[in-house]
Novice: 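Have a look at this one before I ask anything.
Remember, it's a predicted structure, so these values are computed and weren't measured experimentally. Computed from heavy atoms alone, side chains included, the values below leave out hydrogens, waters and symmetry copies. Just follow the structure's listing: the first ligand is 1, and inside any ligand the first atom is 1.
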Amino acid sequence: MAMRRLVLTVALAGGCGGDDGPAPMPDAGPTGTPSIEGTPVSSFETTSCSTGSVLELSRQIAEETDCLMPGQLVKFDVVAGLQITGAAVLPYLGLDARTDLYAAAAMAGASPLQITSAFRTVVQQYLLNRWFQLGRCGITAAADPGRSNHESGRALDVSNYSAWITILGNHGWAHDVPGDPVHFDHLASADLRGTDVLAFQRLWNRNAPDDPIAEDGSYGPTTEARVKLAPAEGFGIGAVCAARRRFEIAPPDIAVRPGAWQAD
Ligand SMILES: [Zn+2]
């Protein structure tokens, strides 16, 4: 395991940066050995209430998403006026969403913006939805996997939301979901929904070559069965940016699918 973690660390450092700093190395190839070994995501349906339980797997999905759409899902930093509360937060947003978040944070007074959720991956959404269905963890709203605004890279949950509705609203962040007061959407940002599902499918196929599934960005029973089996610690081979598919997989190809999107 130690060896695999080292290999993964190297792969992430040299592969998909997820920031708008120096461009990721486009020739970073696969590193590690194909493997789906580890603690299955489904084991956390009844043993956890934190999506931090699948954080390493989720990081791989976020990195693979960046590989698929370079520069569109970017990491945000803890700048002045902004706090990330909780270890389970994946600090990624769409590029425009981040720009406006930073602009809003610069207006902070005595109460920094406290972010409890930003980008979520399909495996995190799977667990949240299961906990919601099972009446566990005090969850009052959870979209179906593949359908959450948080999977789009343009949603935030803010614990001290009441102090921020006006400021965030002035910077493109709509407080737009009745009954879900912590939730804000950056509606002008590119909608990346489905990309995390596609990223998961690609990671799965890379690591389970004997059990290939469709790479269509659509969440259904076939994908869900693999989400449940996927290793919380991350796949043997993580994100690979070698085959940049910016033009092959354009947003309209994966964003136009039947069914309503859901807020949380
Ligand atoms: Zn939310």
Novice: Flag the pair Arg154 / Arg193 as yes when at least one side-chain heavy-atom distance between them is below 4.5 Å, and no otherwise.
Specialist: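 Yes, their side chains come closer than 4.5 Å.
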Novice: With side chain to side chain donor-acceptor pair (under 3.5 Å) as the test, pick out the partner of His186 among Asn149, Asp100, Thr99.
Specialist: Asp100
Novice: By atom name, which N, O or S atom of His150 is the nearest to the Zn ion (ligand 1)?
Specialist: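 This residue's closest N, O or S atom turns out to be NE2.
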Novice: Do Leu192 and Phe76 land in one hydrophobic cluster if side-chain heavy atoms of ILVMFWY residues count as linked below 4.5 Å?
Specialist: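 No, because Leu192 and Phe76 fall into different hydrophobic clusters, even though each may have its own neighbours under 4.5 Å.
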Novice: Is the closest basic N to carboxylate O distance between Arg226 and Asp211 below 4.0 Å?
Specialist: yes
Novice: Verify the distance test for Asp157 against the Zn ion (ligand 1): any N/O/S atom under 2.8 Å, yes or no.
Specialist: yes
Novice: Please name the atom of His183, limited to N, O or S, that comes nearest to the Zn ion (ligand 1).
Specialist: ND1
